[in-house]
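In what follows, a structure is listed as structure tokens, so that the remarks can point back to it.
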Amino acid sequence: MNDKIKRENLLIGQGDKNKNSLISLPLDGLKPAMVSGLYQGQNVLTLIEVLVRKYNKPMDFNDLPIPFKCIATNIETGEAKVFDRGKLADAMRASMSIPSVFAPYEINNELYVDGGLVNNFPTDVIKKMGAEIIIGVDVGAVLYKKEEINSIIRILDQSASFFNSRVSAENAKLCDIYIYFWQI
């Protein structure tokens, strides 16, 4: 998942580059540059491109053997984007860009992050595709009770979960079979 290049893929003489570095700091000219994620996600994109290499040209995702859609969040506007056409690898990479872990992914001059920010249980999208039976497995967040909000992690988790819990509750109603899985 990280951006490190395997040693066997480096050119001769590059093997020891950054070997003794504790951290790396990107530069914009001579000024330190801010990173938009722990990882740029290039290795993830390369892996996705290899896995979907048969479908590497712009296309309508309905033409795939199993029709496909994925959701990303436009990080500038906060709006959901349902990808149903374009380059499959690009859509998949954009939809899995977990904020602060992976840098946002740019498509058509717009920046996208994980679609789970605005719709983490998109049964509504599946229903619009014409699904006759929807089996939903909800692994989304739960809202904690007052006594459970006892750490900074829980406070951040609770803060991020308000909107999605409402959307997920509505989308759960669209399931013919609903499976809820939550880990502590």
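These numbers come from the heavy atoms of this one structure, side chains and all, not from hydrogens, waters or symmetry mates.
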When rounded to the nearest 0.5 Å, the distance separating CG of L64 from NZ of K54 is 10.0 Å
Could you tell me if the side chain of V118 sits less than 4.5 Å from the side chain of E79, heavy atoms only?
no
Side-chain heavy atoms under 4.5 angstrom apart, residues restricted to Ile, Leu, Val, Met, Phe, Trp, Tyr: same cluster for V101 and I48? yes
Quick one: does M96's side chain get under 4.5 Å of D114's, heavy atoms only? no
* Does any non-hydrogen side-chain atom of K81 lie less than 4.5 Å from one of N74? -> no
Quick one, Y105 and M92 - any side-chain contact, counting heavy atoms below 4.5 Å?
no
Heavy-atom nearest pair, D176 first then E132, reads OD2-O, 3.7 Å
Under a side-chain separation threshold of 4.5 Å, the hydrophobic residues clustered together with L174 are none
| message | Is it the case that atom CD1 in I135 sees more than 12 heavy atoms from other parts of the structure closer than 6.0 Å? | response | no
Any heavy-atom pair between the side chains of K69 and F61 that's under 4.5 Å? no
Should V82 and I134 be regarded as members of a common hydrophobic cluster, given that ILVMFWY residues are connected when their side-chain heavy atoms come within less than 4.5 Å of each other, either directly or indirectly? no
dist T46:OG1 -> R93:CZ (nearest 0.5 Å) comes out at 10.0 Å
Nearest heavy-atom approach of L45 to A89 is CD1-O, 3.9 Å
Determine whether S161 and L143 make a side-chain contact, defined as any pair of heavy atoms from C-beta on separated by less than 4.5 Å.
yes
Donor-acceptor check, side chain of T123 to backbone of N171, threshold 3.5 angstrom: yes or no?
yes
- Task: Say whether, by atom type as modelled, one donor and one acceptor occur between the side chain of R154 and the main chain of Y144 under 3.5 angstrom.
- Result: no
Rounded to the nearest 0.5 Å, the OH atom of Y180 sits from the SG atom of C175 at a distance of 13.5 Å
Smallest heavy-atom separation, A103 atom then S97 atom, equals O-OG, 3.6 Å
Is there a side-chain contact between N119 and D124 in this structure, where contact means two heavy atoms from C-beta onward sitting under 4.5 Å apart? yes
Take atom CD in E147; do more than 12 heavy atoms of anything else shown fall under 6.0 Å from it?
yes
CD (E49) and CG (L88) are apart, to the nearest 0.5 Å, by 10.5 Å
Would a single hydrophobic cluster contain both L111 and L117, if residues Ile, Leu, Val, Met, Phe, Trp and Tyr are joined by side-chain heavy-atom contacts under 4.5 Å?
yes
So CD1 of I153 and CD1 of I155: to nearest 0.5 Å the spacing works out to 10.0 Å
Here the gap from F121 atom CZ to S165 atom OG, rounded to the nearest 0.5 Å, amounts to 13.5 Å
Heavy-atom nearest pair, A94 first then I107, reads CB-CD1, 3.9 Å
Review point. With no hydrogens and no angle check, do the side chains of N164 and N120 hold a donor and an acceptor under 3.5 Å apart?
Key: no
Once the angle between the rings of F83 and Y112 is folded into 0 to 90°, is it parallel (under 30°), tilted (30 to 60°) or perpendicular (over 60°)?
-> perpendicular
task = Step through the shown structure and confirm whether more than 12 heavy atoms of other residues, nucleotides or ligands are within 6.0 Å of CD1 on I179.
result = yes
Checklist entry - Taking side chain as C-beta onward, heavy atoms only, is E110 less than 4.5 Å from E76? => result no
Residue set satisfying side-chain contact (heavy atoms from CB on, under 4.5 Å) with D60, at least two apart, ordered chain then number -> N62, D63, R85
Is F68 reachable from I126 through a run of hydrophobic residues whose side-chain heavy atoms are each under 4.5 Å from the next? no
Notebook entry, point to check: Any chance CG of L156 has more than 12 other-residue heavy atoms, nucleotides or ligands included, within less than 6.0 Å?
Noted result: yes
